[in-house]
Protein chains: 2
Amino acid sequence: MAAGGTFDLQDFLPYLLNQAAEATSRGFQSTYRDRYGLTRTQWRVMANLGRFGAMTARDICRISHIEKTKVSRAVAGMEAEGLLTRATSDQDRRVENLSLTPKGRAVFAEIGQRALAFDADLRTRLGPDVAARVDSILREIIALQSDGAITEDD
Amino acid sequence: MAAGGTFDLQDFLPYLLNQAAEATSRGFQSTYRDRYGLTRTQWRVMANLGRFGAMTARDICRISHIEKTKVSRAVAGMEAEGLLTRATSDQDRRVENLSLTPKGRAVFAEIGQRALAFDADLRTRLGPDVAARVDSILREIIALQSDGAITEDD
DNA sequence: TTGACTTGGTTGCAGTTGCAACTATTAATC
DNA sequence: GATTAATAGTTGCAACTGCAACCAAGTCAA
């Protein structure tokens, strides 16, 4: 902590979180970007569809706290790549049910495996003590802020 | 953790870190952006200059892991706002020694105070147990990755 | 039915970013 | 000294982002 009222960026929690997030995200980025040409948002959309099956863009926004324009554009790009399909809902024609194509599922399976390995490696290197605590701490921090603004970026 | 080899984004450490970083950064963004018209990078450059005094753009890059083009543009903007000055080094005329103007120092003092309060509030709300551990955990994560790629984004 | 309101999703625009290529200066090698 | 490499910082460009404005569809109330 900084001495006597002097602010030190290196001790600022939002900064530390950003640095840690950047450091780890960077490491995994090459997997979805260089190998499969996906953006981070596209990868996240894919991860949601892969995990939960068919869902709407709105659902993805709610679950992952991604801004709806980002989801919209990610979906458009993935559709163009044949990774997912949209099906307009019969009940409500504003709604589009999104689901991965076989190709999309195949890509998700591959990146998902790499993600599991990446995560496991990270936790191994952190050691069991840290690995055991880090999730709950981060979830606490996330929960703290969600009382306030709902907006999101990346 | 995800069951039997199925990847779950919600348990992926890089994702959790990003969510936590976004959540907290968002909360503080209004302070430097809305009140003083600074970008995040500009605020970080300012924080470094405020803490360490005169330094070069390269130093800021090294210390804060910010990409040099971002620093370059942040510095240009801050100079235009009268927040900092550049002085070409006599020893090496490629180098520019950056330092905050009185106006820049005043702005830093104000934002710095708010940052201290923001950080303290965050830690209070997290509770002493978490607050005590979170720094070292994040620093460990940051240190882990710094063996690998050096690149940076925001 | 009509109108006001809400909601799912898209688009336009201006601003930011990352990367590669660039200039200018210094260091190293011959 | 001349040539080559390295370094500090800038710029062009294409991609990505956030926000506000928008469209189309559905809801609600009279």
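Naming convention: chains lettered A, B, ... in sequence-line order (proteins, then strands); numbering from 1 in each chain.
Nearest nucleotide to the side chain of B:R73, out of D:dT10, D:dC19, C:dG18: C:dG18. Nearest to the side-chain atoms of A:R33 among the listed nucleotides C:dT10, C:dC19, D:dA25 stands C:dC19. Across D:dC16, D:dG18, C:dG8, the shortest atom-to-atom separation from the side chain of A:T39 is found for D:dC16. Distance from the side chain of A:V95 is smallest to C:dG8 among C:dC19, C:dG8, D:dG9. Candidate nucleotides C:dG9, C:dG8, C:dC19 were compared by shortest atom distance to the side chain of A:E96, and C:dG9 ranks first. For B:R58, counting side-chain heavy atoms from C-beta on, the closest listed nucleotide (C:dG18, D:dT10, D:dG9) is D:dG9. In this structure, the nucleotide among D:dG18, D:dT10, C:dT25 sitting nearest to the side chain of B:R26 is D:dG18.
The phosphate of C:dG8 has neither OP1 nor OP2 within less than 4.0 Å of any side-chain N or O from A:T56. Side-chain N/O atoms of A:S72 include one lying less than 4.0 angstrom from OP1 or OP2 on C:dT10. When the side-chain nitrogen and oxygen atoms of B:T41 are compared with OP1 and OP2 of C:dT17, one or more of them lie within a distance under 4.0 Å. Close to C:dT10, at under 4.0 Å from its OP1 or OP2, lies a side-chain N or O of A:R86. Contact check, B:R93 against C:dT26: a side-chain N or O comes under 4.0 Å of OP1 or OP2. Within the structure, every side-chain polar atom (N or O) of B:R94 is placed at least 4.0 Å from both OP1 and OP2 of D:dT7.
Atom P of nucleotide C:dT16 and atom NZ of B:K70 are separated by 12 Å, given to the nearest angstrom. Atom CG in A:N97 sits about 16 Å away from atom P in D:dA25, given to the nearest Å.
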